[in-house]
Amino acid sequence: MPLHITKIAFGSESPATLRAWLESHSGEARLTTRYLPKRVAEMEGGSLYWIHQHRLVGRSPLIGFQETGQGRFWIKLEPRLIAVRGAPKRAHQGWRYLEEKDAPPDLGSGEVDDLEAMPPAMLGELTRLGLV
């Protein structure tokens with residue numbers, strides 16, 4: 001089971017603007033971090049789960065980590081946002097680990113297909129209330 005990380009989608013007005021930012025990169029999107037995760041070996045095949053307005057809204061598969069040459073590291077991501085079933089998540093600084101068993105399923109994975117037909121605003125409100 002791969003290990004994932006969570007990060008706030010800082011500067012994104014919505015999941016749509018986050019998706020646009022990711023898709024504006026060709027090949028890979030990069031985020032800068034001060035420290036290399038200690039559990040980096042466990043993250044092969046994992047994803048970065050994005051937090052927007054105190055809930056997980058999507059994930060971007062991890063490509064890897066690379067030193068920038070300036071004492072920092074890049075988190076290298078596939079330039080796409082895969083929508084996940086919204087789950088409440090408190091804000092935090094930097095990134096945090098997310099175990100596979102705690103990761104929300106992707107929308108369209110079969111488990112939540114009926115939810116895709118729901119209007120996004122309604123789905124967001126039901127998720128915020130913890131009903132979905």
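No experiment lies behind these values; they were computed from the predicted model shown.
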Side-chain polar contacts of residues 76-84 - donor-acceptor pairs under 3.5 angstrom, sequence neighbours left out - could you list them?
from  : atom 1 : to    : atom 2 : distance (Å)
Lys76 : NZ     : Gln66 : OE1    : 3.3
Glu78 : OE1    : Arg80 : NE     : 2.7
Glu78 : OE1    : Arg80 : NH2    : 3.0

> Side-chain donor-acceptor pair under 3.5 Å between Ser60 and Trp50, yes or no?
Replying inline: yes
> Can you name the side chain to side chain donor-acceptor pair (under 3.5 Å) partners of Arg96, sequence neighbours left out?
Replying inline: none
>> Check Glu99 with Arg39, please: is the shortest side-chain N to carboxylate O separation under 4.0 Å?
In response: yes
> If only atom types and distance count, is the side chain of His4 paired as donor or acceptor with the main-chain N or O of Ser47 below 3.5 Å?
Replying inline: yes
>> I need the Arg30 CZ to Thr33 OG1 distance, nearest 0.5 Å.
In response: 14.5 Å
> Are Leu18 and Ile51 joined in one hydrophobic group, where the rule is that I, L, V, M, F, W and Y side chains link up if heavy atoms are under 4.5 Å apart?
Replying inline: no
> Are Tyr97 and Met43 side-chain neighbours, meaning at least one heavy-atom pair lies under 4.5 Å?
Replying inline: yes
>> Between Ile63 and Leu48, is there shared hydrophobic-cluster membership here, with clusters defined by ILVMFWY side-chain heavy atoms closer than 4.5 Å?
In response: no
>> Can a donor-acceptor pair be found, under 3.5 Å and without considering hydrogens, that links the side chain of Ser14 to the backbone of Ala16?
In response: yes
> Any link between Phe10 and Leu31 through a network of hydrophobic side chains (Ile, Leu, Val, Met, Phe, Trp, Tyr) touching at under 4.5 Å?
Replying inline: no
>> Which residue is it: Val57, Ile5, Thr6? I am looking for the one with a side chain to side chain contact (heavy atoms under 4.5 Å, CB included) to Tyr49.
In response: Thr6
> Closest approach of Ala29 and Leu22, non-hydrogen atoms and distance?
Replying inline: CB-CD2, 3.9 Å
> Distance from His92 atom NE2 to Ile8 atom CD1, nearest 0.5 Å?
Replying inline: 6.0 Å
>> Please determine whether residues Phe73 and Trp95 belong to a single hydrophobic cluster, defined as Ile, Leu, Val, Met, Phe, Trp and Tyr linked transitively by side-chain heavy-atom distances below 4.5 Å.
In response: yes
>> Do the side chains of Arg85 and Asp106 get close enough for a salt bridge, i.e. N-O under 4.0 angstrom?
In response: no
>> Show, in sequence, the C-alpha distance, side-chain angles and deciding distance for Trp21 and Ser12, and conclude whether the side-chain hydrogen bond (donor to acceptor under 3.5 Å, both in side chains) test is met.
In response: CA-CA 9 Å; Trp21 177 79; Ser12 290; over 6 Å; no
